[in-house]
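Below, read A as the first sequence line, B as the second, and so on, with proteins coming before strands; counting in each chain starts at 1.
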Protein chains: 2
Amino acid sequence: MRKKSDGDRSTSLHDVTIVDVADEAGVSYATVSRVINNKDHVSPEKRERVLRAMAQLGYVANLQARSLAGGSSHVVGLLVNYLSSSYTIEIMRGIDEVLQTHHYDLVLYTTHTRKTKESAYVARLTRHLADGLLLILPQETTSYLDALRQRRFPHVLVDYLSDGAYAPSVATTNFQGAYDAMNYLLELDHRRIGFITGGRETGCAQQRLEGYQAALKDHGLPYDPQLVYYGKFLQPQGYQGAQTLLNLADPPTAIFASNDSMAFGVMEAARERGLHLPEDLSILGFDDIPQAAQVHPPLTTVHQPLNKMGQRAAELLLDYMADPLAPIERIELPTDLIIRQSCQRRSER
Amino acid sequence: MRKKSDGDRSTSLHDVTIVDVADEAGVSYATVSRVINNKDHVSPEKRERVLRAMAQLGYVANLQARSLAGGSSHVVGLLVNYLSSSYTIEIMRGIDEVLQTHHYDLVLYTTHTRKTKESAYVARLTRHLADGLLLILPQETTSYLDALRQRRFPHVLVDYLSDGAYAPSVATTNFQGAYDAMNYLLELDHRRIGFITGGRETGCAQQRLEGYQAALKDHGLPYDPQLVYYGKFLQPQGYQGAQTLLNLADPPTAIFASNDSMAFGVMEAARERGLHLPEDLSILGFDDIPQAAQVHPPLTTVHQPLNKMGQRAAELLLDYMADPLAPIERIELPTDLIIRQSCQRRSER
DNA sequence: TTGAAAGCGCTAACAT
DNA sequence: ATGTTAGCGCTTTCAA
């Protein structure tokens, strides 16, 4: 016949409910609920007693019950298509940082770029599992975006190109970033500049390609489709793209990759061909993931504030969760050309 | 006055409960529950009707309610101390892969290496939020491991060094891996080998250090504490460690870092000092994260099957969830020395 | 085989 | 200010 001992409480993870807390504090359990949710109309004295009882019993809220009962689940859903890239991780860290300080939990779904999964997960998440939804690089938005908006379900998209539809989102100035990068290369006297683009379905890849084209045009240079290789943001495609471009009869003197990973692939290929970097080939990336500074030569690249994108997305989501009727906002963060050592003035030959 | 139209159903994410399904199918909602949970004692005919109704209405189970009522939440909790390292991500991918095929959701908690958070999160997660728990690189296990075991709450630790206590876990042969690496370096005639270790509190760092020491001893070489720098698995500490070691009166000719990130830091430092790699300094890492093959020179390192670790951990967890009384198992995966180009025979001077 | 009904732990009216 | 109570959607006895 054992009684509740202190030792028992501290080590046991056993279920302590608000009823237990209420008993211990000698109040009704509605009062406990009020204290937990920081509501008004609780005398300081009782609040104090409840707080003490909670601490003593080691009370931990049951989120399921809370959200079932109509409260918030304090969970934010995060939909990601692919877990592996640095790009994703950096954004996730930003998200995690702000969510954590606001005591929100993160439920993670990876779609593995299977489009059908996206809407299935959205349905799962929005059925009370989560209070809000964050989507990184969403692909198949048309199937659920309208519903989300209609239901006023708080959501924010990261790196979503609104093709017509307007949605709460944060992105960066992809076009301008690519344009700036190209200007730099052109000022370095490069005239044949290869471009390795990302997946056609992603808006940001599209915008970067447009930036590439616009810069060419503004410098009175022709657009040569041969110089564009279609990748999918993965390193091997950068490698393959470089091989293809470098095998051209009139090969480029510089290659601009649509993200850093592919730029690394370009470096691999160049090195394998015995080229010296950056003397024989200038290479430029996009993203500025941590490794960009660590490769040799350090990669000149267009910095995207990935971490900050995550933060801003989470903050915006928090706003919507506080006020679902807040106006739809699209945040665009500036990119920044980071000049390191992977580009050089075109050598006269 | 609109009726339920097909168009409405397909786009609406509105709450369809088992009651709706029951109505549509003309059965009690207990029967619907039976069908959902694949229980016996349902006539094929009614089962069929329910299934059709579910599909028609686009029913999605409310996980909160399900788990509140005593069913399983189909959620697995994942505790991670730091989101940023490749190490973590690779393991997470493995976990995600198998969990996904088993239709489990992942709730992610990052402790940011704040130890107090660990037990708080464990409490959160195990209070019905999750059916099982995965912990990567747990730090403060003593406070909750016993309780977990007592309650038979399914859990698996990744890279946990059982200091006495035995727990369900998966790890790699850290000692042997380090030992093998050292052998390689010693066979390359290196006699003064610096070691940059990871956090003292992590078991794997400890084991690698022991492997380092054992190899030295087996070769009849003295252990010089000066040659060991204490880092925390982060790149800047590799940089700092290299600076420190290289400033020694009798500096090492090779540096073995306890993980790849720190090895990259060593590379930075070496390069900054004008050293040629690998001629002037041999560098060896641990982990074999993807970038290891991409840096220059490609890093010789001890391969840990990170992805596989995640997979095995998830599989083991699934086993425990199916049978909480299954015997405690500790899986140890083999490491593998990957020889690339960052090490060289010690040059005679 | 099926249905009715009692909770799971909690929030949010509604009373008092 | 505080207590009472009706659910939230579901699983699981218990009856029928």
Side-chain angles (χ1 to χ4, degrees), chain A residues 13-51 53-54 57-75 105 123-131 321, chain B residues 13-51 53-54 57-75 123-131:
Chain A
L13 292 168
H14 218 70
D15 286 17
V16 176
T17 72
I18 53 173
V19 177
D20 299 324
V21 176
D23 286 354
E24 178 82 24
V27 299
S28 76
Y29 78 100
T31 300
V32 176
S33 174
R34 289 191 186 98
V35 172
I36 291 170
N37 295 291
N38 251 307
K39 303 265 181 180
D40 298 335
H41 309 300
V42 178
S43 70
E45 183 250 347
K46 290 209 171 180
R47 182 181 298 273
E48 184 51 43
R49 273 196 354 238
V50 169
L51 254 18
M54 282 173 52
L57 265 28
Y59 170 78
V60 180
N62 181 325
L63 297 183
Q64 327 283 327
R66 179 181 290 183
S67 90
L68 225 211
S72 83
S73 65
H74 263 245
V75 164
D105 296 340
R124 273 281 255 313
L125 248 4
T126 56
R127 289 186 61 78
H128 275 253
L129 214 191
D131 292 344
M321 293 195 301
Chain B
L13 293 168
H14 216 68
D15 286 16
V16 177
T17 72
I18 52 172
V19 177
D20 298 323
V21 176
D23 285 354
E24 179 82 23
V27 299
S28 78
Y29 74 78
T31 300
V32 176
S33 175
R34 288 189 188 99
V35 173
I36 291 170
N37 294 290
N38 251 307
K39 302 266 182 179
D40 298 335
H41 309 300
V42 178
S43 70
E45 184 250 348
K46 288 207 171 178
R47 183 182 298 274
E48 183 52 40
R49 272 194 358 235
V50 170
L51 254 18
M54 280 171 54
L57 265 29
Y59 169 78
V60 180
N62 180 324
L63 296 182
Q64 327 284 327
R66 178 179 290 185
S67 90
L68 223 209
S72 83
S73 65
H74 261 243
V75 164
R124 271 283 256 311
L125 248 4
T126 57
R127 288 185 61 79
H128 276 253
L129 213 192
D131 292 344

Interatomic distance, [X] atom [atom1] to [Y] atom [atom2] [nearest 0.5 angstrom]:
X	Y	atom1	atom2	value
B/N37	B/R66	CG	CZ	5.5 Å
A/T17	A/D23	OG1	CG	8.0 Å
A/N62	B/S67	CG	OG	6.5 Å

**Q.** Heavy-atom check, side chain of A/D105 versus side chain of A/L63, under 4.5 Å
**A.**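 Result yes, sub-4.5 Å side-chain heavy-atom pair found.
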
Q. Considering only heavy atoms from C-beta outward, does the side chain of A/V50 approach that of A/M54 to under 4.5 Å?
A.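 A/V50 vs A/M54: side chains touch.
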
Q) In the 5'-to-3' direction, what one-character label does each nucleotide of nucleotides 7-16 of chain C receive under the scheme B = base within less than 4.0 Å of a protein heavy atom, S = sugar-phosphate only, - = no such atom? A) BBBBBBB---

(Q) Below 4.0 Å from chain A heavy atoms, what is the first contacting nucleotide of DNA chain D and what is the last? (A)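 Listed 5' to 3', the contact boundaries are D/dA1 to D/dG9.
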
Q. In this structure, which one of A/L51, A/V32, A/V21 forms a side chain to side chain contact (heavy atoms under 4.5 Å, CB included) with A/Y59?
A. A/V21

Q: Only counting residues at least two apart or in another chain, list the ones meeting side chain to side chain donor-acceptor pair (under 3.5 Å) with B/S43.
A: none

Q: Could you pull out all residues at least two apart from A/S73 that satisfy side chain to side chain donor-acceptor pair (under 3.5 Å)?
A: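 Here the qualifying residues are A/D131.
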
Q) What are the two closest heavy atoms between B/I18 and B/Y29, and how far apart are they? A)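 Nearest heavy atoms, B/I18 then B/Y29: CD1-CD1, 3.4 Å.
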
Q: Can you tell me which residue pairs pass the salt bridge (Lys or Arg N to Asp or Glu O under 4.0 Å) test with a partner in residues 25-47 of chain B, sequence neighbours excluded?
A: B/E45-B/R49

(Q) Let me test you: for the helix from C/dT1-D/dA16 to C/dT16-D/dA1, what is the angle between the axes at its two ends (five pairs each), rounded to 10 degrees? (A) 40°

